[in-house]
Amino acid sequence: AAAAGFDQAALIKPVTKANLIFIPKVVHPWYDVVEQGVKFAIAEYKKEGIEVTYTWDAPPTADIDQQNRRIETDIGRNPDGLAVSCLDPATNTQLLKEALKNKVNLITFDTFCDAAFPFVGHRKDEEDGRTAANYLGAKLGGKGSVGLLVGSLTAPNHVARVKGFKDELAKKYPGIKIAFEQPDNDNLEQAVSMAESGLQATPDLGGIYGANASAPIGAARAVIAAKRVGKTLVVGAGDIPETYQLIEDGVISAITAQRQWEIGYWAVRYLVSAKQNHTIPMDHATGGFLMTKETLAK
Amino acid sequence: MSETKVQKFRSRIGRFEAIGIIAALAVMCTVLALASENFASSYNLAVVLRQASFVGIIALGQTLVLLIGGIDLSVGAAAGLSAIIGGMLLVHLGVDPWLVIPLTCLFGFALGTINGVLVAYARLNPFIVTLAAWEMFAGTTLVITGGSPIRPLGTEFQQFGLGTPFGIPVPVLVFAVIALVLAFVLNRTTFGRNIYAIGGNRQAAVLVGIPVKRVEMLVFGLSGSLAALAGILYASRMDSAQPSVGEGWLMPSITAAIIGGVSLRGGQGTVTGTVTGALLMAVLANGIVLLDISSYWQRVIVGAVVLLAILIDLIRRRR
Amino acid sequence: MSETKVQKFRSRIGRFEAIGIIAALAVMCTVLALASENFASSYNLAVVLRQASFVGIIALGQTLVLLIGGIDLSVGAAAGLSAIIGGMLLVHLGVDPWLVIPLTCLFGFALGTINGVLVAYARLNPFIVTLAAWEMFAGTTLVITGGSPIRPLGTEFQQFGLGTPFGIPVPVLVFAVIALVLAFVLNRTTFGRNIYAIGGNRQAAVLVGIPVKRVEMLVFGLSGSLAALAGILYASRMDSAQPSVGEGWLMPSITAAIIGGVSLRGGQGTVTGTVTGALLMAVLANGIVLLDISSYWQRVIVGAVVLLAILIDLIRRRR
Amino acid sequence: MRSAFEVRDLSKSFGHVHAVRGVSLRVEAGEVVAVIGENGAGKSSLMSVICGRLTPTSGEIRIDGAPVHFASPSDAQCAGIAIAPQEINLAAELTVLENVMLGRQVARRGVIDWRATEAEARRHIAALDPTIDPKARAGAITVAQQQLVQIARATATGARLLIFDEPTAALTERETERLFAFIRRFRQEGGLVLYISHRLDEILALADRITVLRDGRHVGDLDPRTTNKDAMIRAMAGRDVEELNLRAVIPSAATDEVVLEVRGLSRSAEFADVSFDLHRGEILGIGGLIGAGRTETVRCLFGDTSRQAGTVKLFGREVAFAGPADAIAAGLVYLPEERRRDGLFPDLSVAENIVLPSLAKFTSRFGIRWLDAFGAAERYVNSIPVKVHSSHQLISELSGGNQQKCILARWMMSKCRILMLDEPTRGIDVNAKWEIQKLLRQLARDGISVIYISSELHEIIDVCDRVMLMHEGRVRAIVPTEGATQESLLGLAMN
Ligand SMILES: Nc1ncnc2c1ncn2[C@@H]1O[C@H](COP(=O)(O)OP(=O)(O)OP(=O)(O)O)[C@@H](O)[C@H]1O
Ligand SMILES: Nc1ncnc2c1ncn2[C@@H]1O[C@H](COP(=O)(O)OP(=O)(O)OP(=O)(O)O)[C@@H](O)[C@H]1O
Ligand SMILES: [Mg+2]
Ligand SMILES: [Mg+2]
């Protein structure tokens, strides 16, 4: 009888106010879309009578030590929720464990860090790589050569995408040769100059895969300069406004894009829910999609 | 007769210091031409030269600053901020493309002059002043743009980055012209010689009546305007003014100068040296891709080649 | 009586140069304590001090190098490589945690000594030598690790980064001990005074029979071993040896030293100054987060504060 | 017989330049050997080899008969050899005390005993000049004091053989006497001394033996008891040299026109109430002891420092210069006393060092006409004359005296109207000194006015028309040099 009398709804704590801190990897337009999702969720809560405030604590430069300093400092401010996009999971993990120890509601977003923390984001980097490989392989008819701009050698999401791309290519399109594989470090200038040089090394290059947001743009610029638009296909990961234009112009063929608006929205939802003592999923895959000229037209 | 003239000329321009590094560059080009058939293609050479130009233009400004015994850490950020301002002039205010370039340079000059005033008149440490300027310029860029590029800049404007009159890319032409002008200024004008004098012995320069502070201010201004020029040319080449564009240009600009024989203590260095240094670094980056050297080994190779290059220079000097 | 003793001490250690920057730090701390209740919390102070320690330890090594008129661009890469080596000793070879720290430092010393030999004996430009070393160390790290971190390092090893004997984090203690030892070395040993002599006037130092080359080599070695120490402590604190961890430490290490009054031309600077500089930069970074300053404005603010800090120093000097 | 110290057939060349050619030399215990020679004769190069700074091209050095090889100055110091070099070479940011004890602080296992070190330093400084503050920054003391600190640094090594390379060039009588007292004491205790100077009186007073170098060669020895100045000059130059009474040969051209009128000029702790007139075509000497404030006075006139009181009229118009550039634009130039710190551009060539301030004159639309500029510089190089291999070599490769001549030429060729020279003949050999003084008198005859600061009163008497004597920052007297003697002037200054 006692069991029947237990109302599980009583486990939910009423919440009227919550202050959240978001720590993305860096100041970048990509995260602006995430922030829009955050704002939308907050507006929804406002209608429910819950006052949510948030701090967008983006490091101005992508520097591991700088981001770690922020995480440490923000833990000390005892926020109601802390959302972190891990620049470097290896070192971030330790600090996030400390956040849990300090009873801070925590969620990781955008880049998967460790199974110990709830995560909302795409988490399908390797699959993205495979998708790109399939797209490019089919377009090239299974022959020719492609170049890779692999981003940063120490960034796990870049590494995973490249791995997926290479594995899939080897499996499904053994006829396609990898002409070059260069680390552009997610830096536009380096991406441009590496793609330019790569186009010289293999003048009949069939395609370029860029494993980060800067790489496809840089590759596209090099392809334009070499007057090989349509002959050297550019496929990449990570969409920012500049990418759309280049897709529209037909320079970039396809991009594996994410629904980052969702990431921001759900991060807020989960953090506030966690404060309300709701259970939240450990892994919410927000999914991605292949963006081409056709999808963009819709 | 002509022997002595050459000798005279050499000694006049402060001995032919760049010869060692030119040799290193020549060796490298020969090796690459043998190892990769594509290296010597005219298109590839144009690519390498254009890549060298952006950093090269900035490195020339940096050279001036290093010559007076200073350092300019703000060049990259100044390039980024100026490119953004240039892009805004073009896109938001509809300024004529031909006017945008000089206006951007003027803006860069103003940025540099701020550094110059603080270094020359307030006598603050150039390292710290330009470090602070770096942060402030880069910060201002972020504030203005929120991190998004300004684009598209339009096909008319793209000619400055992509055009190839006489088959030579515009940035390469600009780089060459600036190098020639600066070589003339440094070797054949009092302003240029005053720069060497200040770097060699500032106190003595004051006592022989050189307007030291004015020269110092101007040099920082020039460094700023050359940074701005590189920034806006790059924006034109990319058809977008990128907030982060200059970020990676600081270290290469100093490296190109120093590899070319410019002394961090001031008073020593040549335009030829810096130009060679910039070319060497660009050829190295190009060669690494052409030979498709493993990503993991690249940095080791770059370090080793840089070391080798100055060792060649050393052997020359020891003889 | 005690007056003159203080005076004696001051004049002996080359005047009390750091006072201006200490004042700037004090002002900043006061402002922050008033503006944010979190700043003065013991948790936050421990965080700030620990954050200052890693860069601070490296900055002390950098200070030594700057004092002899050199510069060490390889510190960050040396920290990364050494941390990886330390992590491998611990995880793959099962070396005792207490032994790993000294072995890592020894390895860092060896790395630094390579720089030292090239600078002191081959008389190559320290900027280029350490630039090349930077690339080569960072490249070697990539080659060894393939880009992935080494972890976990185990709870026993974590005590070096996370332990708080007497309530003070271990890295802070280490930083303090090193600062004290170096202050002693620089002021009270012949080796220390020789460092100042070499930086002040290398030619004179040679002439009076100071073993200049040996001192130079040793200084680079020390810089390498301090970098290694910071790297392995950071690894311990984060429970993972990360290939790119030291990347962001180079500029802050130089900035801390120079803001603390170390001259890029050598011969001038104190341990107190560098320690204060490191603290100032750490407090600034902390304050910016605590005060919720917009990400877009942060760099502008950092630049402005750095400029203000040296202006305070200037006012003191002008008086 | 075995000599305590001996150099045999020593040569040293720098590329094509043979600085020292087969010189042999010996010094016995308790002996002061003077080495004399014109500028660029190879004196400093020889000493650099002996003290281990340079490695000889050929030849050997023997101590007590045993051959020695020095790879570095520290080797030479271990063998008991120390040098007070010609050029000031201190760590400017360190204290005097530290500079004196550089590399030899009193220490146990590397830990310095500062009290003992300080006591030791004080002892060595006091032996030369008790007025120097050991705690002062080495860069902040006067040039003369810096030179003394450098000498103290050499004496502090406890060496057996001390080398003095033009130790008195920046010193006045008083310090010179103290230095000599020290050297004599050192000699009595069995020390060995190699002594270089262009002041021949000093050498006659001090040396036990004189070795003469010419063009890097050892051209003979003189006995100071039997020789005289004329013979020494003849030996150095290798020809007869006639001494002129300059003021008689080129008579005063001073007019009544006052070009520079100074009234009540003051700067606290430097000089006070300095007033004088400078006439067109006049050479006005300024004499006094070290610390008289002469340098400070002219630097203030030059606009390098600001005045706290007083007025300055240039060509009848009151002026206030914001900096040296203004003064130079107004036709007033200044030759600093410390050439290395204030005058030389070490990375530039000889010719460029000379023409640098005059470059505007050689600039056309197509830039600097270097051939003309260098031609003009070369004329001065030849007329002074400066001993150079080529006027395009680096000035830092010249001998000290020749560097000084270049800096003098720099201002002589600039078309200035008032020349302020601070110790212009510092380190210049006797012959060249006459050449320069002749040039100066000719310039004065052409209507240029000169202020001539010198610590050697006889020099002032030789060239100047009038002399202003300063002591402790104040003007003591302004008198004509006609009929004056060193003693009479010194008396005026001290009273
Ligand atoms: N580093 C060098 N490179 C080339 N030539 C040099 C160098 N050092 C000295 N010389 C030359 O060697 C010669 C002798 O110079 P040294 O300094 O020994 O003369 P000195 O007798 O000391 O003259 P002074 O009286 O002017 O000091 C000069 O002709 C000088 O130009
Ligand atoms: N009246 C004074 N009271 C106190 N200090 C003085 C006075 N006059 C001069 N001094 C000090 O003596 C020094 C004078 O400089 P300096 O020795 O260069 O003068 P000088 O006459 O040019 O001598 P020299 O050129 O022979 O070295 C200054 O450092 C100044 O502080
Ligand atoms: Mg000499
Ligand atoms: Mg004087």
Side-chain angles (χ1 to χ4, degrees), chain A residues 24 26-32 35 58 60-62 145 147-154 158-159 162 178-203 214 217-218 220-222 224-227 240-243 245-246 248-249 251, chain B residues 36-48 50-52 54-55 76 79 135 138-139 141-143 145-152 158 161-162 164 169 234 237-240 242-249 252 282-296 298-299:
Chain A
V26 65
V27 173
H28 194 286
W30 191 88
Y31 289 103
D32 290 352
E35 198 177 354
T61 52
S145 57
L148 264 61
L149 295 175
V150 302
S152 159
L153 297 173
T154 54
H158 299 177
V159 173
V162 173
I178 290 182
F180 63 85
E181 196 181 329
Q182 296 291 321
D184 59 277
N185 291 312
D186 207 349
N187 174 315
L188 186 58
E189 296 147 53
Q190 277 189 40
V192 175
S193 78
M194 285 174 165
E196 273 187 332
S197 299
L199 280 167
Q200 295 317 304
T202 318
S214 310
I217 298 175
R221 294 294 167 202
I224 295 172
K227 302 208 169 60
I240 49 178
E242 197 171 356
T243 324
Q245 180 73 47
L246 289 162
E248 223 158 64
D249 296 349
V251 190
Chain B
S36 159
E37 73 242 51
N38 296 308
F39 175 74
S41 79
S42 69
Y43 192 85
N44 188 52
L45 291 181
V47 164
V48 174
R50 188 168 52 205
Q51 287 171 1
F54 301 107
V55 165
E135 295 293 324
T141 308
L142 269 188
V143 170
T145 62
S148 328
I150 293 175
R151 64 185 184 87
Q158 274 201 288
L162 281 178
T164 50
Y234 200 77
R237 188 241 168 294
M238 298 294 286
D239 195 24
S240 78
Q242 297 277 351
S244 61
V245 74
E247 248 168 37
W249 285 345
V283 168
L284 180 55
N286 181 256
I288 274 181
V289 181
L290 286 187
L291 302 181
D292 195 27
I293 289 167
S294 146
S295 309
Y296 295 100
Q298 288 188 3
R299 300 191 70 174

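Labels below follow one simple rule: chain letters A, B, ... track the order of the sequence lines, proteins then strands, and each chain is numbered from 1. Since the structure is predicted, the reported quantities are computational estimates derived from the model, not experimental observations.
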Option that, when pairs with chain B are counted at under 4.5 Å, heavy atom only, ranks first among [options]:
| options | answer |
| --- | --- |
| Gln245(A), Glu181(A), Met194(A), Glu189(A) | Glu189(A) |
| Ala222(A), Ala179(A), Gly218(A) | Ala179(A) |
| Pro241(A), Gly198(A), Ala201(A) | Ala201(A) |

### Message
Quick check against the 3.5 Å criterion: does Asp239(B) have a side-chain atom that pairs as donor or acceptor with the backbone of Pro152(B)?
### Response
no
### Under 3.5 Å donor-acceptor, Asn185(A) side chain and Ser152(A) backbone
no
### Query
Within a strict 4.5 Å, meaning less than it, do heavy atoms of the Gln298(B) and Gln182(A) side chains meet?
yes
### Message
Quick check: do Ser36(B) and Leu291(B) have side-chain heavy atoms less than 4.5 Å from each other?
### Response
yes
### Task
Classify the angle between the aromatic ring planes of Phe54(B) and Trp249(B) as parallel (below 30°), tilted (30 to 60°) or perpendicular (above 60°).
parallel
Report which part of [X] has an atom under 4.5 Å of a heavy atom belonging to chain A: side chain, backbone, both, or neither.
| X | result |
| --- | --- |
| Gln242(B) | side chain |
| Leu290(B) | both |
| Ser294(B) | neither |
| Tyr296(B) | both |

### Query
Tell me, side chain or backbone of Asp32(A) under 4.5 Å from chain B's heavy atoms, or both, or neither?
side chain
### Task
Measure the CG-CG distance between Asp292(B) and Leu148(A) for me, rounded to the nearest 0.5 Å.
9.5 Å
